[in-house]
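Reviewing the structure listed below.
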Amino acid sequence: MALPKALSRSPWRSIDRWLPQIVVSPLFAVSLFFVYGFIAWTVYISFTRSGVMPNYTLDGVGQYVRLWATPRWQVALRNLVTFSVLFIGLCLVIGILLAVLLDQRIRIEGAIRTIYLYPMALSFIVTGTVWKWILNPGLGLERVMHRAGFESFTFDWLVNADFAIYTVVIAGVWQSSGYAMALFLAGLRSVDDEVLKAAAIDGAGPLRTYFGIVLPMMRPVFMSTVIILAHLAIKSFDLVMALTGGGPGYATDMPATFMYAYAFQRSELGVAAASAVMMLVTIIAIIVPYLYSELREGRR
Amino acid sequence: MNRRQIDGIVRRGGPWQAVQRGVLFAVLALFCAYYLVPLVVMISTSFKSLDEIRLGTLTSLPQAVTFEAWAKAWGSACVGVRCDGLQPYVWNSVMMVVPAVALSTFLGALNGYALTKWRFRGADVIFALILFGAFIPFQVILLPMARTLGVLGLAGTIPGLIMVHTIYGLAFTTLFFRNFFIGVSDGIVRAAQVDGASFFGIFFRIILPMSLPAIVVTLIWQFTQIWNDFLFGVAFTVGESNPVTVALNNVVNTSTGVKEYNVDMAAAIIAALPTLAVYVLAGSYFVRGLSAGAVKG
Amino acid sequence: MSDIRLDAIWKKFGATEVIRGIDLTIDPGEFVVLVGPSGCGKSTLLNLISGLETLSSGNIFIGGRKVNDVPPRDRDIAMVFQSYALYPTKSVRDNITFGMSVRHIPRQVQDAAVAEFAGLLHIEDYLERKPAQLSGGQRQRVAMGRALVRKPDVFLFDEPLSNLDAKLRIEMRTEIKKLHQRLGKTVVYVTHDQIEAMTLATRIAVMDAGHIRQFADPFTVYDDPVDLFVAGFMGSPPMNMIEGKLRQDGGSFVECGAPGAELRFPLPEAMARRVAGHDGLAVILGLRPETIFAAGSELPGPDRYCFELPVAVVEPTGPDTMIVFEIGGRDLIARVRPQDARPQGTRFRFEVEMRKAKLFDAASGLRL
Ligand SMILES: Nc1ncnc2c1ncn2[C@@H]1O[C@H](COP(=O)(O)OP(=O)(O)O)[C@@H](O)[C@H]1O
Ligand SMILES: [Mg+2]
């Protein structure tokens, strides 16, 4: 390659040297503006007296005081806790159970896995629509049980303010437990075959092998699954909207639907911003320590 | 996912083994039913007439199969005040999904490549900053984004929605590709550099062709995410420009008139069909996307 | 101490036959090494003996008892794996005692056993650590401890030293040999490293493609290989294989090299008698590098053959120097004393000790 010396020293060479930075900088700028800039804007608004329109005069923590005094927000938080605990717990139990069972050299494993996991490909809106129909008081499950001879069976959770949140749990677990199964199964498969052989030589049966050796090795998988499910729970918006619309009343509101309602339906920007910031803080509290430990692990 | 390699540890035979095996398959079958019943209910309801729904049960199969509900869901169901069925909204979703998926995947690959294979100073910090964007609750950017779209004149339009999906998909796609490229030997890039290839030359001629699996995984993941999105759709589009998920929710939750469950189910299947098809056709890539989504630093 | 008897065993994975009819009798207290190229079925054979794989056909006896259907835990065996296969969430102590606690052996007995072997293996200082906090060599010792502590009748090793660096590997090799001498248990040891096989074994089984080619003591396997495969596999640098034709005109010779520049290696009398009447047979002459040296550098003896060829490459190794030369386009190696070496390009006079030469039938690969 006989490039003239002059050309190879032309300005193009030095641009070439900086190309990686030049390529990454738009993404970086986008991230700065649309993530950090927007977060800053929302945080700022949460400290102003903004109502229908943004108002840029700072007003201390007034919006947070109002937020926490709002009964609807308290319901949303309670629902979030109820939902998260049940959703994460049930997904973990079902996920681990199915992963362990599928790990027993099942010939049709591939087909079964496909069935367990397909709900993950659906939109939460679709899931909500289906379960809304199945749990329909009158025509749904209730009718099935009546026809089966259980005349006194009633099932009105969907419209019962005290129980509606559990219908969200039912639909959410149906959609996401297969995901937990897939993560655990991948974890089980990453266990060195020789460790299982060593356990067999040591005389451990299947139960002892799983509970004594394999499942304790799943701690990192367990952690990341909990984090992912918690993340899903905190962001859950679509499912509630499709299944109950937050109702009856605001009985199944969650922080995500609360924020949406205050931002786009009631136009109380300040409260909406404050609730969004609360969500962000919650997620940071969960994600940042996790990411930190993950990245440190990765470097080792 | 690879299968267990052990062919078979010698175990004591006998009836106990058979019982264990029986229980195992019973439980697995039970859960198959748990996951499949809603799908069956959805499909069978969509082929029933309203009368049959009112008289029969959820789990009974249609006596007289009718496509009325499908025709209505596709062409004449009312979404808000407009009664053209889901059809226009399916096209909205298609027009939004294709550019958003292509753009976010391509840019994610380019950035992942620049961040891992040209580790300039600060690359790790930049990556960590970008990564954070994949985890924020989007509620925190809804308000400023709505205003920004307004300023740009993109409020309530499909291009606006494309922009939003591309921007917030980038964090994920960059993460995917970074994780993939970390496993690719730096030696390949060094060797190509020694051969005189440039930054883009290496990317297009060497890196992209060898990342085909990662590209497929990312395309499928992004397609599923963006097609299934509801939050951005409901927050940033209005009426005409709604994506299909928003339209579906409107069909189901219209409070006027008789509740037509068969139409709801047909509409739900229409909205679910593209992602289900991708799942059935490219299941293993989909699963890989799921486990890649489980961040590995 | 138990003997192990393999009786016509086969193992198929689906359609692939991995073990293809192996008979083997291992005496009590023996140290048998299974050696062979990667993928020849060594691990599979070991897994069959341990019960980690089920037989396709044939019988396995340990200590006279037929164990085809006996699970691994009841075969009175212990095993050490290449990856060590330590339980990552358990401490070193719990790794070692896991097998005993599964068997509900009392705590005091466990502690006494740990104390005994921790000292023997020099791991007493990190019994409370997790495997991730140990070096490769330490992990290897823990894996050994886990196997030893149950005092089984038979030890099975699957390439236990392959993941160690060269120096540690030699150290551990010696320790394993000492342990065997001290405990006197029956050992089956898999390796692809023929030096390990030579140094450790009381008998070596050379495997290839699911068959055992030769089963004999190390010296016999080295000095009296049954075929080309065994001869080529054992020894480093490997045996020189020279293609040629048998000539029986006024004595027996192997004639090789390009036409016009042939070399005629004379066969010693005993060998000549064995191949009488096969004039013109295509053969392969096997010469170990140490049987080719600089002419006159050793005391004269019978059945020597001298020839002169240019030096192609000189490779000093320290104690010896390898001289590479060519016959008929193939590189051959002679092991000479460093002071006898000559620079590349000079003509060198080689002397071969023909009594140590091996002769193989080129068609079947068998020893003649
Ligand atoms: N579980 C299995 N299923 C199918 N093929 C196997 C299995 N285990 C081993 N094999 C095959 O058997 C052959 C011998 O394997 P192995 O005994 O591990 O060889 P070695 O230990 O001598 O390197 C290999 O070709 C391997 O691919
Ligand atoms: Mg092996």
Side-chain angles (χ1 to χ4, degrees), chain A residues 1 16 19-21 23-24 27-28 30-31 34-35 38-39 41-42 98 101 104-105 112 114-116 118-119 121-123 125-126 129-130 133-134 140 143-144 147 179 182-183 185-186 189 193 200 224 228 234-235 237-238 241-242 245 256 259 263 269 273 276 279-280 283 287 294-295 298, chain B residues 1-2 4-6 9 24 27-28 31-32 35-36 38 41-42 57-59 110-111 114-115 118 120 126 129-130 133 135-137 139-145 167 170 196 198-199 224 228 230-231 235 245 248-249 252-253 261 264-265 268 271-272 275-276 279 283 287 290-291 294-295 297:
Chain A
M1 295 277 274
D16 223 39
L19 254 183
Q21 282 94 325
V23 163
V24 172
L27 171 67
F28 187 52
V30 159
S31 175
F34 287 98
V35 175
F38 279 13
I39 289 175
W41 192 88
T42 303
L98 294 182
L101 294 184
Q104 306 306 310
R105 285 175 281 120
I112 297 182
T114 306
I115 291 172
Y116 288 178
Y118 87 88
L122 302 180
S123 157
I125 300 295
V126 172
T129 305
V130 178
W133 166 223
I134 294 177
R143 165 83 58 88
V144 176
R147 293 281 163 92
Y179 188 11
L183 294 176
L185 190 58
R189 292 295 150 80
D193 257 3
S224 47
I228 288 165
I234 293 168
K235 284 168 106 172
F237 171 73
D238 327 17
M241 293 303 274
M259 187 275 165
L269 296 193
M279 291 178 67
L280 178 69
I283 288 209
I287 291 284
E294 279 277 308
L295 288 175
Chain B
M1 258 174 276
N2 57 326
R4 272 266 167 270
Q5 277 301 303
I6 301 186
I9 294 173
L24 173 72
V27 175
L28 288 176
F31 274 95
C32 281
Y35 291 112
L36 279 178
V41 166
M42 182 157 65
T57 65
L58 201 62
T59 46
L110 186 60
N111 284 299
L115 285 171
W118 301 76
F120 49 87
I126 290 184
L129 285 174
I130 292 169
F135 294 98
I136 56 167
Q139 278 73 17
V140 83
I141 54 91
L142 283 187
L143 291 171
M145 188 46 122
I167 289 172
L170 263 178
S198 66
F199 177 84
T224 311
N228 286 343
F230 178 72
L231 180 62
T245 46
L248 169 63
N249 193 48
V252 175
N253 289 321
Y261 294 107
D264 290 356
M265 291 304 119
T275 48
L276 265 187
Y279 175 66
V287 175
L290 285 180
S291 26
V295 186

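Labels below follow one simple rule: chain letters A, B, ... track the order of the sequence lines, proteins then strands, and each chain is numbered from 1. Since this is a predicted model, take the numbers as computed values, not measurements.
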Quiz prompt | Residues in side-chain hydrogen bond (donor to acceptor under 3.5 Å, both in side chains) contact with A:Y116, at least two apart in sequence or another chain | solution =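 With sequence neighbours excluded, A:Y116 shows a side-chain hydrogen bond (donor to acceptor under 3.5 Å, both in side chains) to no residue whatsoever.
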
Self-check item: A:Y118: partners by side-chain hydrogen bond (donor to acceptor under 3.5 Å, both in side chains), with sequence neighbours left out
Solution: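 By the side-chain hydrogen bond (donor to acceptor under 3.5 Å, both in side chains) rule, A:Y118 matches no residue at all.
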
When you compare the side chain of [Y] with that of [X], does any pair of heavy atoms fall below 4.5 Å?
{"X": "A:F28", "Y": "B:L129", "result": "yes"}
{"X": "A:K235", "Y": "B:L231", "result": "no"}
{"X": "B:Y35", "Y": "A:P119", "result": "yes"}
{"X": "B:T245", "Y": "A:M241", "result": "no"}

Quiz item: Heavy-atom distance under 4.5 Å to chain B: side chain of A:I287, backbone, both or neither?
Solution: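 Side chain only.
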
Quiz item: So which part of A:W133 gets closer than 4.5 Å to some heavy atom of chain B, the side chain, the backbone, both or neither?
Solution: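 Both parts, backbone and side chain.
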
Show the nearest heavy-atom pair for residues [X] and [Y], with the distance to one decimal.
{"X": "B:Q139", "Y": "A:M279", "result": "OE1-CE, 3.4 Å"}
{"X": "B:A114", "Y": "A:P20", "result": "CB-O, 4.1 Å"}
{"X": "A:T129", "Y": "B:A268", "result": "CG2-CB, 4.2 Å"}
{"X": "B:A272", "Y": "A:L122", "result": "CB-CD2, 3.6 Å"}
{"X": "A:D238", "Y": "B:N228", "result": "OD2-O, 4.2 Å"}

Quiz item: Given the options A:V30, A:I115, A:V35, which has more heavy-atom pairs under 4.5 Å with chain B than any of the others?
Solution: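 Top option by heavy-atom pairs under 4.5 Å: A:I115.
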
Practice problem: Name the option with the most non-hydrogen atom pairs under 4.5 Å to chain B; the candidates are A:A242, A:G245, A:S123. | Solution: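 Looking at each option in turn, the highest pair count goes to A:S123.
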
Quiz item: Between the side chain of B:Y279 and the main-chain N/O of A:T114, is any donor-acceptor distance below 3.5 Å?
Solution: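 Here the side-chain-to-backbone pair exists.
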
Quiz item: Any donor and acceptor pair, going by atom type alone, linking the side chain of B:T224 with main-chain N or O of A:A121 inside 3.5 Å?
Solution: no

Quiz item: Taking it one step at a time, do A:L98 and B:F31 satisfy side chain to side chain contact (heavy atoms under 4.5 Å, CB included)?
Solution: CA-CA 8 Å; A:L98 294 182; B:F31 274 95; 3.5 Å; yes

Rounded at 0.5 Å granularity, tell me how far [atom1] in [X] sits from [atom2] in [Y].
{"X": "A:F38", "Y": "B:I136", "atom1": "CZ", "atom2": "CD1", "value": "10.0 Å"}
{"X": "A:Q104", "Y": "B:L24", "atom1": "CD", "atom2": "CG", "value": "6.5 Å"}
{"X": "A:I125", "Y": "B:N249", "atom1": "CD1", "atom2": "CG", "value": "4.5 Å"}
{"X": "A:T42", "Y": "B:M145", "atom1": "OG1", "atom2": "CE", "value": "11.5 Å"}

Quiz item: Can you say whether B:Y261 sits under 4.5 Å from chain A via the side chain, the backbone, both, or neither, judging by heavy atoms?
Solution: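 Side chain only.
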
Quiz prompt | Single hit among A:V24, A:L27, A:V23 for side-chain contact (heavy atoms from CB on, under 4.5 Å) with B:L110 | solution =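 When A:V24, A:L27, A:V23 are each tested with B:L110, the side-chain contact (heavy atoms from CB on, under 4.5 Å) holds only for A:V23.
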
Self-check item: Selection from B:L170, B:V41, B:L36 maximising heavy-atom pairs under 4.5 Å formed with chain A
Solution: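 Option with the top pair count is B:L36.
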
Self-check item: Derivation of the side chain to side chain contact (heavy atoms under 4.5 Å, CB included) call for A:F34 and B:I141
Solution: CA-CA 8 Å; A:F34 287 98; B:I141 54 91; over 6 Å; no

